[in-house]
Amino acid sequence: MSSTIIPIASGKGGVGKSFVAANLAIALAEQGKKVVVADLDFGASNLHTCLGLNNINPGIGDFLRARTAKLQDLLVTTDVQNLNFLAGDVRSPFLANMHHAQKMRLIYNLKQLNCEYLILDLGSGSAYNTLDYFGMTQLGMLVTTTEHTSIMNMLTFLKLFAFRVIERSLPKNTFLEKKLKESYNLSVREEILTVRGLLDELALIDLQVAQQAELKWSSYRPRIVFNKCKTPDELTLLPALENTLKHNLLLRTDFIGCLFDDPAVSMTFQQRETLNKVSPSAEIAEDIRLLADRIIRLWKQPLRNSAGLLINNANKVYHQRSNEHKS
Ligand SMILES: Nc1ncnc2c1ncn2[C@@H]1O[C@H](COP(=O)(O)OP(=O)(O)O)[C@@H](O)[C@H]1O
Ligand SMILES: [Mg+2]
């Protein structure tokens with residue numbers, strides 16, 4: 001059975017990736033799906049905390065050290081039926097800097113895990129390794145807040161991801177690779193390199209290769225989740241964001257979730273427990289369940305008018321809750 005892989009990335013740290021990874025995995029498992037949630041935030045692992053687990057389990061570091069180890073054998077059962085956890089690097093420092101062959105072995109073996117959903121909690125930012133885990137599927141998930149810096153960092157992440165996809169689509173050719181590296185190393189006086197700019201430069205060298213790279217890039221369609229929203233008005237930026245993604249990054253995306261800011265979340269962090277244990281009836285728990293439900297129904301297909309739909313849904317939920325608070 002091949003699993004649906006959902007790597008969860010963000011340009012900026014602290015936007016809620018680990019919280020979403022853990023609680024989304026729980027919500028999917030509660031819907032009867034067989035789920036594995038893995039900690040790939042090497043160097044800053046805290047997914048176990050969000051799952052209410054202690055930091056004691058062997059994990060990916062042990063897998064990489066022992067050439068015969070199987071990832072499947074390192075899965076840890078949790079209190080939630082259908083949910084298994086794969087630990088990161090508790091016992092292996094500097095895994096964030098694992099070399100290429102190790103990364104490829106890890107990616108290959110993650111894809112072989114026997115489950116319906118594989119959720120990957122990634123590190124923040126655009127390190128090569130993070131970009132490559134995100135690129136394990138064409139439909140990764142980005143978590144962002146609506147704050148300017150968080151959105152800008154997400155755009156940077158996606159631009160560097162585009163460069164990585166383009167780079168990896170090139171035939172092994174030292175001349176092309178050299179040219180690509182030259183394009184990255186601009187002097188401060190030159191214009192900032194864009195996705196279009198990079199493809200245009202490639203086209204000057206080899207039109208066919210450039211067209212193939214553009215085709216490859218156009219097959220990616222990440223899904224964006226907005227977290228810590230205070231009001232649905234924050235989502236008015238969506239149409240402009242959609243335009244920027246399309247024109248500056250040549251990328252189509254879907255806006256798939258809106259999770260509101262909720263004090264119950266910081267309680268889960270303080271108590272090192274899952275949301276279900278701390279506050280199962282919190283509004284954020286309902287937001288997460290809605291997201292899980294949308295993922296089960298819609299993950300594989302492109303969403304039409306996802307900006308409009310998300311804004312409408314978020315407004316509906318928000319006003320319903322405001323009315324409940326009043327009564
Ligand atoms: N919906 C939310 N409402 C309120 N606080 C949140 C929400 N989501 C995350 N947080 C807070 O944000 C902080 C960072 O969350 P975390 O999941 O560790 O982010 P990341 O993995 O992206 O670095 C935590 O302190 C958590 O309490
Ligand atoms: Mg995290």
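Quantities reported herein were computed from a predicted structural model and do not represent experimental measurements. First listed ligand is number 1; within each ligand, the first listed atom is number 1.
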Any N/O of Phe19 closer than 3.5 Å to an N/O of ligand 1?
yes
Do the rings of Phe85 and His48 sit parallel, tilted or perpendicular, given the 30° and 60° boundaries?
tilted
Among all protein heavy atoms, pick out the one at the shortest distance from atom 8 (N) of ligand 1; state its residue, atom name and that distance to 0.1 Å.
Asn227 ND2, 2.9 Å
Check contact between Ser10 and ligand 1, using heavy atoms of the residue and a distance below 4.0 angstrom.
no
Arg105 NZ/CZ over Phe63 ring centroid, <6.0 Å and within 45° of normal
yes
Side chain, backbone, both or neither: which part of Leu259 has a heavy atom under 4.0 Å from ligand 1?
neither
Count the heavy atoms of every other residue, nucleotide or ligand shown that sit under 6.0 Å from NZ of Lys216, and state whether that count exceeds 12.
no
With clusters defined by side-chain heavy atoms of hydrophobic residues (ILVMFWY) lying less than 4.5 Å apart, directly or transitively, does Leu309 cluster with Met141?
no
Determine, for Phe255 and Arg223, whether the Lys NZ or Arg CZ falls below 6.0 Å from the six-membered ring centre while staying within 45 degrees of the axis.
no
So does Arg272 have more than 12 non-hydrogen atoms from other groups sitting under 6.0 Å from CZ?
no
min-distance protein heavy atom vs atom 19 (O) of ligand 1 -> Gly16 N, 3.0 Å
Under 4.0 Å, heavy-atom basis, I'd like to know which part of Asp121 is in contact with ligand 1: side chain, backbone, both or neither.
neither
May I ask you to identify the nearest protein heavy atom to atom 2 (C) of ligand 1, giving residue, atom name and distance to one decimal place in Å?
Val265 CG2, 3.5 Å
Under 4.0 Å to a heavy atom of Ile284 - the qualifying atoms of ligand 1, by number
1 (N)
For Phe163 and Tyr184, take the angle between the two ring planes, folded into 0 to 90°, and tell me which bin it lands in: parallel under 30, tilted 30 to 60, perpendicular over 60.
parallel
Any non-hydrogen atom of Asp262 lying under 4.0 Å from ligand 1?
yes
Would you mind checking which non-hydrogen protein atom is closest to atom 14 (C) of ligand 1, with the distance to 0.1 Å?
Gly14 O, 3.6 Å
Answer yes or no: is there an ion pair linking Arg321 with Glu286, defined by an N-O contact shorter than 4.0 Å?
yes
Decide whether an N or O pair under 3.5 Å exists between Ser124 and ligand 1.
no
Atom indices of ligand 1, in the order listed, that fall short of 4.0 Å to a heavy atom of Asn46:
18 (O)
Using only heavy-atom distances, determine whether the side chains of Lys103 and Asn129 contain a donor-acceptor pair under 3.5 Å.
yes
Within 4.0 Å of some non-hydrogen atom of Ser18, the atoms of ligand 1 are 17 (O), 21 (O)
Backbone or side chain, does Ser18 get an N/O/S atom under 2.8 Å to the Mg ion (ligand 2)?
yes
Side chain, backbone, both or neither: which part of Phe269 has a heavy atom under 4.0 Å from ligand 1?
side chain
Identity of the nearest option to atom 12 (O) of ligand 1, non-hydrogen atoms only, from Lys12, Lys17, Lys228
Lys228
Taking Glu30 first and then Arg289, would you say they form a salt bridge - that is, a charged N and a carboxylate O separated by under 4.0 Å?
no
